[in-house]
Amino acid sequence: MKIPVFVVHGFLESGKTRFVLETLSDEYFSGGERNLVIACEEGIEEYDEEVLKKANATLVMLEDKSELNEMFLTECQKKYKPTQIVLEYNCMWGLDELRDMYMPKGWFVAQVITTVDASTFDVYLKNMKSLFMEMAKDSDLILFNRSTDETPAAAYKRNMRAVNPKAQVVFEKEDGEQLQFEEEMPFDINADVIEIADADYGIWYIDAMDHPEKYDGRTLKFTGMVYINKRLPQGYFVPGRMAMTCCADDTAFIGFLCKSSYVDRLKSKQWISVTAKAHVEKREEYSGEEGIVLHSTHIKSARKPEEELVYF
């Protein structure tokens, strides 16, 4: 029997318990299941016994990470015979411990959710950025709760998508309604040639990842570094930029495939100005998914940007 484990983590007072209670209150989630909630830290909000009862959920509280071990989880399986588990994890216990955690036969991680208090996100990002980005990398859903009209949602979303392109990023207001916001682009997407300034490359890249159809058939112009690899198809290279996704020691090269008859004349790490038409194609290089593929019309040497790293 397959038993899904839903991992909910985030910093203290980020809304984990509230999220779990709201999820358990959803009949679609908890109906007909024997739910086991394992809570690894106690915050201000307590678990409502009435909600737990209606959801047929048993709550087990842990106080120390040493308690979350093979013997404990095996005993949980025998004693409660759950068909579904919610693990409210204390991220301060370490994410490696979570990744390497023993699970009884049949248990598997079905979804990882990171909760974020939008009102304190900047403080945590400044002081504990590495830990937060580690959480975001593993997440399927990143939920910014307590969002307001003043929340810089577009910038926060770009940060999260840069770290984890596959994660769903949602912003909720205090009343539970989703925050609606416009992701304004700092360039004219309707221009005959969309010119991407050096400082806007990261914004464009994330938008093109999220909405490739917006750029299908459009002509783009930007400055990038040449990436050449034998594993790329013949006649293709990647013009892109180095991006800082977490800290100065955690950078990644970001860019899209580009087809060009100039490939043989290019050198790896050379800076170039690229003019190319974008097409949406399903590619093995994109794990079989659709993505932007550039078809160059003009390439010339260029100076490297004043700031080589891309920030989000």
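The structure presented is a predicted model; accordingly, all values stated were derived computationally and were not measured.
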Check whether any side-chain N or O of Asp207 sits under 3.5 Å from a backbone N or O of Trp204 as a donor-acceptor pair, and report yes or no.
-> no
Do other residues, nucleotides or ligands put more than 12 heavy atoms under 6.0 Å from the CD atom of Glu45?
-> yes
Determine, using the 4.5 Å side-chain heavy-atom cutoff (strictly less than), whether Met128 and Leu125 are members of one ILVMFWY cluster.
-> yes
Backbone N/O of Gly10 and side chain of Lys16: donor-acceptor pair under 3.5 Å = yes
If you look at every heavy atom in Cys76 and Leu36, which pair is closest and at what distance?
-> CB-CD2, 3.9 Å
Using the side-chain contact (heavy atoms from CB on, under 4.5 Å) rule, take Asp198 and Val310 through it: C-alpha gap first, then chi angles, then the decisive distance, then the call.
-> CA-CA 9 Å; Asp198 293 341; Val310 170; over 6 Å; no
May I ask you to decide if Arg34's main-chain N or O and Thr83's side chain share a donor-acceptor pair within less than 3.5 Å?
-> yes
Would you check if Ser273 and Lys221 make a side-chain contact, meaning some heavy-atom pair closer than 4.5 Å?
-> yes
Quick one: list whatever passes ring-ring contact (aromatic ring centres under 6.0 Å, His included) with Phe72, sequence neighbours left out.
-> none
Pairs involving residues 126-145, ordered by first then second residue, that meet ring-ring contact (aromatic ring centres under 6.0 Å, His included) (sequence neighbours left out) | Phe121-Phe132, Phe121-Phe144, Phe144-Tyr156, Phe144-Phe171
Go through Glu49 and Lys53 one step at a time and tell me if the salt bridge (Lys or Arg N to Asp or Glu O under 4.0 Å) criterion holds.
-> CA-CA 6 Å; Glu49 291 186 6; Lys53 184 178 179 180; over 6 Å; no
Same cluster or not: are Val116 and Val123 linked, directly or through other Ile, Leu, Val, Met, Phe, Trp or Tyr residues, by side-chain heavy atoms under 4.5 angstrom apart?
-> no
Could you walk me through whether Leu98 and Trp93 pass side-chain contact (heavy atoms from CB on, under 4.5 Å), step by step?
-> CA-CA 8 Å; Leu98 176 61; Trp93 288 3; over 6 Å; no
Backbone N/O of Glu41 and side chain of Asn90: donor-acceptor pair under 3.5 Å = no
Look at the side-chain heavy atoms of Ile, Leu, Val, Met, Phe, Trp and Tyr, link any pair under 4.5 Å apart, and say whether Val193 and Ile292 land in one connected group.
-> no
Can you list every pair that meets salt bridge (Lys or Arg N to Asp or Glu O under 4.0 Å) and has a residue in residues 269-278, with sequence neighbours left out?
-> none
Any side-chain heavy atom of Ile272 sitting closer than 4.5 Å to one from Leu266?
-> yes
Heavy-atom check, side chain of Lys54 versus side chain of Ser25, under 4.5 Å = no
Rounded to the nearest 0.5 Å, the CE atom of Met209 sits from the CD1 atom of Ile254 at a distance of 9.0 Å
Under 4.5 Å between any side-chain heavy atoms of Tyr227 and Leu232, yes or no?
-> yes
Is there a side-chain contact between Asn164 and Asp140 (heavy atoms, below 4.5 Å)?
-> no
Starting at CD1 of Ile206, measure out to NE2 of His211 and round the result to the nearest 0.5 Å.
-> 10.5 Å
After noting the C-alpha distance and the side-chain angles of Val109 and Leu87, does the key distance pass the side-chain contact (heavy atoms from CB on, under 4.5 Å) rule?
-> CA-CA 10 Å; Val109 176; Leu87 174 62; over 6 Å; no
Glu289 side chain vs Tyr286 backbone, donor-acceptor pair below 3.5 Å | no
Give the minimum heavy-atom separation between Pro233 and Arg283, together with the two atoms involved.
-> CG-NH2, 3.5 Å
Does Asp188 CG have over 12 foreign heavy atoms under 6.0 Å away?
-> yes
Parallel, tilted or perpendicular, as decided by the 30° and 60° cut-offs, for the rings of Tyr205 and Tyr201 | parallel
Do Ile113 and Leu95 share a hydrophobic cluster (ILVMFWY, side-chain heavy atoms under 4.5 Å, transitive)?
-> no
Should Glu13 and Arg146 be marked as a salt bridge (Lys or Arg N to Asp or Glu O under 4.0 Å) after you check the CA-CA gap, both sets of side-chain angles, and the distance that decides it?
-> CA-CA 11 Å; Glu13 310 307 336; Arg146 301 166 191 152; 5.7 Å; no
Interatomic spacing from CE in Met103 to CD1 in Ile85 - rounded to 0.5 Å = 8.0 Å
Are there more than 12 heavy atoms of other residues, nucleotides or ligands under 6.0 Å from atom NZ of Lys259?
-> no
What heavy-atom pair brings Ala208 and Tyr215 nearest, and what distance separates the two atoms?
-> CA-CE1, 3.8 Å
Below 4.5 Å, heavy atoms only, C-beta onward: do Met225 and Pro239 meet side chain to side chain?
-> no
What's the shortest heavy-atom distance between Asp117 and Asn145, and which atoms?
-> CA-OD1, 3.5 Å
Exceeds 12 heavy-atom contacts within 6.0 angstrom, atom CE of Met92 | no
Among Val293, Leu257, Val238, side-chain contact (heavy atoms from CB on, under 4.5 Å) partner for Glu285 = Leu257
Nearest 0.5 Å please: distance from the CD atom of Glu88 over to the OG1 atom of Thr115.
-> 8.0 Å
Check whether any side-chain heavy atom of Arg241 lies under 4.5 Å from a side-chain heavy atom of Pro305, and answer yes or no.
-> yes
Pairwise distance CG(Asn229) to OH(Tyr236) - rounded to 0.5 angstrom = 15.5 Å
Look at the side chain of Ser260 and the backbone N and O of Tyr262, then say whether any donor-acceptor pair between them is shorter than 3.5 Å.
-> yes
More than 12 foreign heavy atoms under 6.0 Å from CG of Asp192: is that the case here?
-> no
Whether over 12 other heavy atoms sit under 6.0 Å from Arg303 CZ | no
Short side-chain to backbone donor-acceptor contact, Asn159 and Ala155, under 3.5 Å = yes
Report yes or no: does Glu33 contribute a side-chain atom to a donor-acceptor pair with the main-chain N or O of Phe29 at less than 3.5 Å?
-> no
Considering all heavy atoms, the nearest Asp138-Val112 contact | O-CB, 3.5 Å
Look at the side-chain heavy atoms of Ile, Leu, Val, Met, Phe, Trp and Tyr, link any pair under 4.5 Å apart, and say whether Val37 and Val60 land in one connected group.
-> no
How about Val20 and Phe6: do any of their side-chain heavy atoms sit closer than 4.5 Å?
-> no
Could you tell me whether Met71 atom CE has more than 12 heavy atoms of other residues or ligands within 6.0 Å of it?
-> no
Evaluation steps, side-chain contact (heavy atoms from CB on, under 4.5 Å), between Ile299 and Arg265 | CA-CA 10 Å; Ile299 293 176; Arg265 307 177 208 173; over 6 Å; no
So does Glu213 have more than 12 non-hydrogen atoms from other groups sitting under 6.0 Å from CD?
-> yes
Do we see a donor-acceptor contact under 3.5 Å between the side chains of Asn35 and Gln84?
-> yes
Exercise: identify the closest heavy-atom pair between Leu24 and Ser30 | O-OG, 2.7 Å
Atom OG1 in Thr114, atom CD in Glu134: separation rounded to 0.5 Å?
-> 11.0 Å
